[in-house]
Amino acid sequence: MRSETPAVPVNDSAPGDGLVKAGVVLFAIGAVATLVTVAPLFLGSDPFPTVAYTVSMLMGVGFAVAAAGVLRSIAAQRRQARESSASAAQPR
């Protein structure tokens, strides 16, 4: 059993993972804010102030941040593949 568990934690995070996680959080906050701001339209109550509608814009911001994280991850993977193929193609 001891050989299966590494003594040092392995860092499995790739470049862009933090941006994707932050984007998901921002998207979720924006989605909840959007639901909250649309609810008065169906309930017939007074609409929320402009700040609530501004917070709902975080949904788009979160999507853009997550997309930037995915693109960063793709770039890092392509760079890594290019480096490995270049080192494999070199004559010894």
Side-chain angles (χ1 to χ4, degrees):
M1 279 297 187
R2 191 159 172 79
S3 64
E4 294 177 12
T5 306
V8 179
V10 179
N11 186 7
D12 287 339
S13 64
D17 283 354
L19 285 173
V20 172
K21 290 176 186 176
V24 167
V25 170
L26 288 173
F27 186 86
I29 292 169
V32 169
T34 300
L35 291 175
V36 168
T37 55
V38 171
L41 298 173
F42 295 113
L43 300 176
S45 61
D46 292 333
F48 286 105
T50 307
V51 175
Y53 292 99
T54 305
V55 173
S56 67
M57 297 293 178
L58 287 178
M59 198 160 84
V61 172
F63 185 79
V65 169
V70 168
L71 292 175
R72 185 172 178 195
S73 177
I74 290 170
Q77 288 177 6
R78 289 183 67 171
R79 193 176 319 115
Q80 183 181 14
R82 196 175 317 121
E83 289 171 357
S84 66
S85 66
S87 65
Q90 292 177 351
R92 295 184 185 184

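All heavy atoms count here, side chains included; hydrogens, waters and symmetry mates do not. As the structure is a computational prediction, the values presented were derived from the model and not from experiment.
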Open item on the list: Apply the hydrophobic cluster definition, ILVMFWY joined by side-chain contacts under 4.5 Å directly or through others, and give me every member besides V32.
Closed with: V36, F48
Let me check something: any side-chain donor-acceptor pairs from residues 54-66 under 3.5 Å, sequence neighbours excluded? List them with distances.
from: T54; atom 1: OG1; to: T50; atom 2: O; distance (Å): 3.0
from: S56; atom 1: OG; to: Y53; atom 2: O; distance (Å): 2.5

Output side-chain donor-acceptor pairs under 3.5 Å for residues 68-82, partner residues at least two apart or in another chain, one line each.
none

